[in-house]
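Structure record follows, encoded as structure tokens.
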Amino acid sequence: MLLATVVETSRRVTETSRRLEKIDLLANLLRQLDAGEVEAVVAYLSGNLLSRRTGIGFATLREAAAPAAEVATLEIGEVERAIEQVSAIEGAGAQRRKRDTLNALMARATRPEQDFLFGLLLGELRQGALEGIMAEALAKAFGADAARVRRAAMLTGDLTRVARLLRESGPAGLDRCGVQLFRPVQPMLAETADGVESALADLGEAALEFKLDGARVQVHRSGGDVMVFSRALNDVTAAVPEVVEAARALPGGDLIVEGEVLSLTAAGRPQPFQITMRRFGRKLDLERMRQELPLTPFWFDLLYAGGQSLLDEPQQRRFRELSDLSAAANLIPHLATGDQSVAAEFLQEALARGHEGIMAKAPAAGYAAGARGQSWLKIKRAHTLDLVILAAEWGHGRRKGFLSNLHLGARDTEKGGFAMLGKTFKGLTDDMLAWQTEQLLKLALGRDDYTVHVEPKLVAEIAFNDIQMSPRYPAGLALRFARVKRYRGDKTPETADTLDTVRALAAHYWPPK
Ligand code: AMP
């Protein structure tokens, strides 16, 4: 296939906002591909390259610029070979040789093709959202069930491979997309819960675990071979020999285990996330780093053992088998309970030991690779602040006609007035929406199409999980996961929380801890 056809499809996919039309456009294109082209095209259309490291930067690309060709003649196969060739160039004069090879490629490309290649090579076309659409398009093009294609993509962690198998064998190709050793599975993700109470209300009896703030690893082991993958599925084996050793020490045969890796201080407290992450930097003096920041893995899941995938097994069974394998020191601290006060105590213990919070997992749930669902809920320390409403935005959909998204401010005792810390429309009941719309309209100072600015009078109790640095707001701070707990009719703006209090809390979050 001509690169021009792919570029044209890419343009049309970007231009339409209709999901079904995007899927149709992609499916039509996919049907026309040769077996040798499908992987590259699926990658390109999501903005990715098949070669992981090309070593091409902006400067090299700019130097490789060439006058555009008049006629589109470049085939996908040729583009792919050129990119492979460039990626393989190393050693003396590498940048010059890369540039020359790229220049030859660019000289064969028309203007739109050059623009596309430029964006592709710089990673500027990368679009996570397109991968979901691409999975649907693959299903449509090759007559497969979309849910099976999505699952295959999550299990193999590689949509291009799924595409090749579909192209080669049709829907039957998906049978070869199960869990495989040394091919990382997309990690299961967690939703945020407001607190212990709501998590247990959702899950009933839950498997609770400490939530450690380190680096997630997925470890594959077969015989003496061990590979460690990061959350983004990159191979980080070389950076983490302790993890490799701990994995080798597990009894049994072939395994895939998952865990969080953390650097602990001599006193056994967790180092802040940023410090642990130094172990994953580039060009490390590994031995020295290992001395300074030794890593400890804490396993929390078992995805493969005894020659079979455990993904569809309930969490309870996966964790039980994991506990049988792992030394206690490397197992995530855990507890099964449906009792609120026991869970609240467990959360306090996790926080007191310097951790981020706890996870509450549904004991009966399978491992939903790549999915963020209700089966894993994260509960972090929740703080509340009494903040003043500065403005509110009109709602959409079901909330149309109501003032919904609230602008929240803390009292600025230095400069006077209030410093905005974020917005939230979460936690509001229908009654609260109706009430606040009425009240805020009475306090209106000015408005545009979206927002009503109000006299700073109403005080609300706002729960949140984190404070982060944010250039967006004048105080440089923003609340994360803010939600309204209730209106504080008993409080006046003069007694609302101050920016100093927020700053003090923020200092508590960031290193030095
Ligand atoms: P978040 O990154 O806030 O969405 O939280 C999910 C992440 O928490 C996972 O990707 C893991 O890296 C990390 N984590 C820490 N402890 C656990 C645990 N016990 N179970 C699962 N994930 C955990």
Side-chain angles (χ1 to χ4, degrees), residues 9-10 13-14 16-31 33 35 38-48 50 125-191 216 218 220 229-234 256 258 301 303-304 308-315 318 361-362 364-377:
T9 305
S10 168
V13 168
T14 321
T16 176
S17 56
R18 301 203 355 244
R19 189 177 158 86
L20 283 181
E21 203 174 317
K22 288 182 196 275
I23 292 171
D24 276 342
L25 284 165
L26 293 172
N28 280 336
L29 184 85
L30 291 166
R31 283 194 203 100
L33 292 167
V38 71
E39 284 171 286
V41 169
V42 166
Y44 294 175
L45 284 169
S46 320
N48 297 317
L50 291 179
L125 303 182
R126 210 165 286 148
Q127 285 196 47
L130 262 183
E131 291 190 357
I133 288 171
M134 183 60 83
E136 306 275 330
L138 282 165
K140 184 150 195 192
F142 300 110
D145 176 48
R148 282 193 68 207
V149 176
R150 278 196 300 272
R151 184 174 155 88
M154 294 306 170
L155 295 187
T156 56
D158 184 358
L159 194 58
T160 60
R161 176 157 172 265
V162 175
R164 180 165 49 82
L165 291 169
L166 277 168
R167 173 66 183 71
E168 279 170 11
S169 323
L174 297 180
D175 296 341
R176 284 186 274 150
C177 291
V179 180
Q180 276 187 23
L181 280 161
F182 303 112
R183 284 191 180 275
V185 172
Q186 288 283 353
M188 179 163 175
L189 305 170
E191 278 284 357
R216 184 170 186 161
Q218 191 181 109
H220 293 228
F229 298 96
S230 69
R231 179 186 175 135
L233 311 188
N234 294 319
I256 303 178
E258 232 184 355
D301 216 321
L303 311 191
Y304 185 98
Q308 58 181 0
S309 160
L310 300 180
L311 293 188
D312 294 327
E313 298 299 325
Q315 186 274 346
R318 301 198 310 274
K361 300 183 177 176
Y367 187 94
R372 193 179 291 286
Q374 296 297 328
S375 305
W376 283 14
L377 298 174

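Starting from 1, each residue takes its place in the sequence as its number.
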Nearest non-hydrogen partners of [X] and [Y], listed with the distance:
X      : Y      : value
Asp145 : Ala139 : C-CB, 4.2 Å
Lys22  : Thr16  : NZ-O, 2.9 Å
Arg167 : Leu33  : NE-O, 2.8 Å
Val185 : Ala369 : CG1-CB, 3.6 Å
Ile256 : His220 : CD1-CE1, 3.4 Å
Leu155 : Cys177 : CB-O, 3.6 Å

State, yes or no, whether a side-chain contact exists between [X] and [Y] at a heavy-atom distance under 4.5 Å.
X      : Y      : result
Asp175 : Arg148 : yes
Ser375 : Gln315 : no
Leu189 : Arg231 : yes
Val179 : Leu310 : no
Leu165 : Thr156 : no

Donor-acceptor contact below 3.5 Å, side chain Tyr367 vs main chain Met188
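Present.
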Taking Arg318 for the side chain and Glu313 for the main chain, is one N or O donor matched with an acceptor at less than 3.5 Å?
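It does hold such a pair.
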